[in-house]
Colleague: 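After the structure tokens below, expect a handful of questions from me.
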Amino acid sequence: MGKIKNKSKPLQALIAALFAVLLACTPAIAMADMVGIDVSGWQDANVTCTASYDFAVVKVSQGVGFENSSWRTQAKCVTDRGKSLGLYHYAGGNNAEAEADYFVGRARDYIGRAVLVLDWESYQNAQWGNSDWVRRFVQRVHTLTGVWPMVYTSAGYLNQLPSDVRANCGLWVAQYASNAPTGYQSRPWNYAIYGEAMRQYSGTGVVNTWSPIDLNLFRGEAWQW
């Protein structure tokens with residue numbers, strides 16, 4: 001027994017040395033979801049200049065006639081701070097291609113620097129329930145920009161998004177556990193069960209002195225944004 005034990009020491013030392021080399025040559029991999037806010041004209045123009053976040057999604061337009069008068073200031077603060085930017089259009093239920101043109105026409109300076117988003121909700125949306133409208137809008141944005149926009153909707157209405165839209169476009173799903181004020185959460189209720197790229201989990205968030213504000217978690221890192 002003693003002889004076998006003694007003979008194994010050089011082998012153990014070699015294995016240990018090789019293992020150490022492998023560890024030194026393997027880059028560290030750290031996945032960390034990103035926390036963020038989404039804002040519109042309801043918030044002050046300087047909200048993205050002072051709030052804490054990894055990313056911010058800013059409302060640009062709605063329908064074919066409304067433009068958030070603060071969006072350029074809000075968007076500039078995001079990029080000036082080196083954070084990740086998203087820009088969204090709220091569906092108004094006019095002609096889908098016309099709304100896509102209106103949105104892209106305003107956001108064009110940020111194409112390639114910001115994630116584009118369609119906000120699909122029932123309020124003030126004359127085409128609510130029309131899945132083909134969603135398809136036409138995202139297709140038109142893709143035609144104009146070469147990128148597929150993300151689509152935001154509540155968890156209860158994911159069935160309004162056609163399968164081809166879900167295949168091409170990242171999902172941003174809204175679902176709240178409650179309306180209680182909250183700060184950023186690392187794993188909100190029902191997180192990731194819909195295969196979403198991003199989750200909005202509160203409309204009553206508290207970030208620094210800003211409240212109420214929408215809170216979100218992106219399932220990835222800045223290079224994936």
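Note that the structure is a prediction, hence the values are computed from the model and not measured. What you see below is based on every heavy atom in this structure, not just the backbone, and it leaves out hydrogens, waters and symmetry mates.
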Colleague: Short question: side chain of Asn68, backbone of Lys59 - any donor-acceptor pair under 3.5 Å?
Modeller: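 Side chain of Asn68 to backbone of Lys59: a pair is present.
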Colleague: Apply the test side chain to side chain contact (heavy atoms under 4.5 Å, CB included) to residues Val64 and Asp101: give CA-CA distance (whole Å), side-chain angles for both, the deciding distance (0.1 Å), then the verdict.
Modeller: CA-CA 9 Å; Val64 290; Asp101 290 350; over 6 Å; no
Colleague: Can you establish whether the number of heavy atoms outside Tyr191 located under 6.0 Å from its atom OH is more than 12?
Modeller: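 More than 12 heavy atoms, drawn from other residues, nucleotides or ligands, come within 6.0 Å of this atom.
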Colleague: Carefully, step by step, assess Thr50 and Asn208 under the rule side chain to side chain contact (heavy atoms under 4.5 Å, CB included).
Modeller: CA-CA 8 Å; Thr50 59; Asn208 307 121; over 6 Å; no
Colleague: Under a single-linkage definition using a 4.5 Å side-chain heavy-atom cutoff for Ile, Leu, Val, Met, Phe, Trp and Tyr, are Val57 and Val141 assigned to the same hydrophobic cluster?
Modeller: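 No; tracing contacts between hydrophobic side chains, which count when under 4.5 Å, never links both residues.
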Colleague: Would you say the side chain of Gln127 lies within less than 4.5 Å of the side chain of Asp132, judging by non-hydrogen atoms?
Modeller: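 No, too far: nothing below the 4.5 Å cut-off.
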Colleague: Do any N or O atoms from the side chain of Ser154 and from the backbone of Gly156 form a donor-acceptor pair under 3.5 angstrom?
Modeller: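 It does not hold such a pair.
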Colleague: Is it the case that one hydrophobic cluster holds both Leu144 and Leu87, taking links as side-chain heavy atoms less than 4.5 Å apart, direct or via other members?
Modeller: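 In one cluster: yes.
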Colleague: For Tyr53, which residues count as a ring pair (Phe, Tyr, Trp, His ring centres under 6.0 Å) partner, sequence neighbours excluded?
Modeller: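 Not a single residue meets the ring pair (Phe, Tyr, Trp, His ring centres under 6.0 Å) criterion with Tyr53.
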Colleague: So, for Arg140 and Ala100, which heavy atoms are closest and what is the spacing to 0.1 Å?
Modeller: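 Heavy atoms only, the tightest pair is CG-CB, 3.5 Å.
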Colleague: Could you check Trp133, Tyr90, Tyr88, Tyr152 and say which one makes a ring-ring contact (aromatic ring centres under 6.0 Å, His included) with Trp120?
Modeller: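 Single pass found, and it is Trp133.
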Colleague: Working to the nearest 0.5 Å, report the span between OG1 of Thr145 and CZ of Arg108.
Modeller: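 Answer for the OG1-CZ pair, Thr145 versus Arg108, is 8.0 Å.
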Colleague: With the 4.5 Å side-chain cut-off for hydrophobic clustering, are Val104 and Leu118 part of the same group?
Modeller: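 Yes, Val104 and Leu118 fall within the same hydrophobic cluster.
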Colleague: Please answer whether the main-chain N or O of Arg219 pairs with a side-chain N or O of Asp33 as donor and acceptor at a distance below 3.5 Å.
Modeller: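 No, because the side chain of Asp33 does not come within donor-acceptor range (under 3.5 Å) of the backbone of Arg219.
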Colleague: Once side chain to side chain contact (heavy atoms under 4.5 Å, CB included) is applied, do any residues pair with Val115, and if so which ones, sequence neighbours excluded?
Modeller: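 Applying side chain to side chain contact (heavy atoms under 4.5 Å, CB included) to Val115 gives Val117, Met150, Trp225.
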Colleague: Considering all heavy atoms of both residues, which atom of Gln160 and which atom of Gly129 are nearest to each other, and what is their separation?
Modeller: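 In terms of heavy atoms, the two residues are closest at OE1-N, 3.0 Å.
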Colleague: In residues 42-49, what donor-acceptor pairs under 3.5 Å come from side-chain atoms, sequence neighbours left out?
Modeller:
{"from": "Gln43", "atom 1": "OE1", "to": "Ser40", "atom 2": "N", "distance (Å)": "2.8"}
{"from": "Thr48", "atom 1": "OG1", "to": "Gln74", "atom 2": "O", "distance (Å)": "2.6"}

Colleague: When Val173 is tested against each of Tyr194, Tyr157, Tyr201 for side chain to side chain contact (heavy atoms under 4.5 Å, CB included), which residue passes?
Modeller: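 Option passing the side chain to side chain contact (heavy atoms under 4.5 Å, CB included) with Val173: Tyr194.
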Colleague: Does a side-chain heavy-atom distance below 4.5 Å link Phe103 with Phe137?
Modeller: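 In short, these two side chains touch, coming nearer than 4.5 Å.
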Colleague: Sub-3.5 Å donor-acceptor pair from the side chain of Tyr102 to the main-chain atoms of His89, do we have one?
Modeller: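 Not a single qualifying donor-acceptor pair exists.
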Colleague: When rounded to the nearest 0.5 angstrom, what distance separates OH in Tyr123 from CG in Asn125?
Modeller: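 Reported value, rounded in 0.5 Å steps: 12.0 Å.
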Colleague: Contact between Val151 and Val165 at the side-chain level, heavy atoms closer than 4.5 Å - yes or no?
Modeller: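 Yes - at least one pair of side-chain heavy atoms lies under 4.5 Å apart.
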Colleague: Give the C-alpha distance, both sets of side-chain angles, the deciding distance and a yes or no for side chain to side chain contact (heavy atoms under 4.5 Å, CB included) between Asn168 and Val138.
Modeller: CA-CA 9 Å; Asn168 290 321; Val138 301; over 6 Å; no
Colleague: Do you know the tightest heavy-atom contact between Ala180 and Ser202?
Modeller: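 Closest heavy-atom pair between Ala180 and Ser202: O-OG, 4.5 Å.
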Colleague: To the closest 0.5 Å, what do you measure between CZ (Arg135) and OG (Ser163)?
Modeller: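 If we round to the nearest 0.5 Å, Arg135:CZ and Ser163:OG are 7.0 Å apart.
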Colleague: Between Asp38 and Trp172, do the side chains contain a donor N or O and an acceptor N or O under 3.5 Å apart?
Modeller: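 No, because no side-chain N or O of Trp172 sits under 3.5 Å from a partner of the opposite role on Asp38.
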Colleague: Please give me the minimum heavy-atom distance between Gly203 and Pro212, naming the atom from each residue.
Modeller: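 For Gly203 versus Pro212, the nearest heavy atoms are O-CB, 3.6 Å.
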Colleague: Decide side chain to side chain contact (heavy atoms under 4.5 Å, CB included) for Arg199 and Trp189; before the verdict, give the C-alpha distance in whole Å, the side-chain angles of both, and the deciding distance to 0.1 Å.
Modeller: CA-CA 10 Å; Arg199 172 70 180 278; Trp189 177 61; 4.2 Å; yes
Colleague: Going only through I, L, V, M, F, W and Y residues with side-chain contacts under 4.5 Å, is there a path from Ile111 to Val78?
Modeller: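 Looking at the clustering, Val78 is in the same group as Ile111.
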Colleague: Are Ile213 and Val206 close enough that some pair of their side-chain heavy atoms sits under 4.5 Å apart?
Modeller: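 Contact flag for Ile213/Val206 side chains = no.
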Colleague: Spell out, as yes or no, whether a donor-acceptor pair under 3.5 Å connects the side chain of Thr204 to the backbone of Asn179.
Modeller: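 A pair under 3.5 Å: yes.
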Colleague: Which heavy-atom pair separates Lys83 from Asp54 by the least distance, and what is that distance?
Modeller: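 In terms of heavy atoms, the two residues are closest at CB-O, 3.6 Å.
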Colleague: So, does Arg136 use its side chain to make a donor-acceptor pair with the main chain of Glu97 at under 3.5 Å?
Modeller: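 Side chain of Arg136 to backbone of Glu97: no pair is present.
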Colleague: Please find the pair of heavy atoms, one from Gly205 and one from Ser211, that lie closest to each other, and give the distance.
Modeller: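 In this case the closest contact between Gly205 and Ser211 is O-OG, 3.3 Å.
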Colleague: Would you mind reporting whether Ile37 and Leu215 have side-chain heavy atoms less than 4.5 Å apart?
Modeller: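 Yes, their side chains come closer than 4.5 Å.
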Colleague: Using atom types as modelled and distance alone, determine if a side-chain donor or acceptor of Glu67 lies under 3.5 Å from a backbone N or O of Ser61.
Modeller: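 Such a contact is absent between Glu67 side chain and Ser61 backbone.
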Colleague: Is the backbone of Asn94 close enough, under 3.5 Å, to the side chain of Glu99 for a donor and an acceptor to pair up by distance?
Modeller: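 Checked: pair present.
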Colleague: Do Leu85 and Met198 share a hydrophobic cluster (ILVMFWY, side-chain heavy atoms under 4.5 Å, transitive)?
Modeller: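 In one cluster with Leu85: Met198, no.
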Colleague: Any chance you could measure Ser52, atom OG, to Tyr184, atom OH, to the nearest 0.5 Å?
Modeller: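 Between atom OG of Ser52 and atom OH of Tyr184 there are 7.0 Å.
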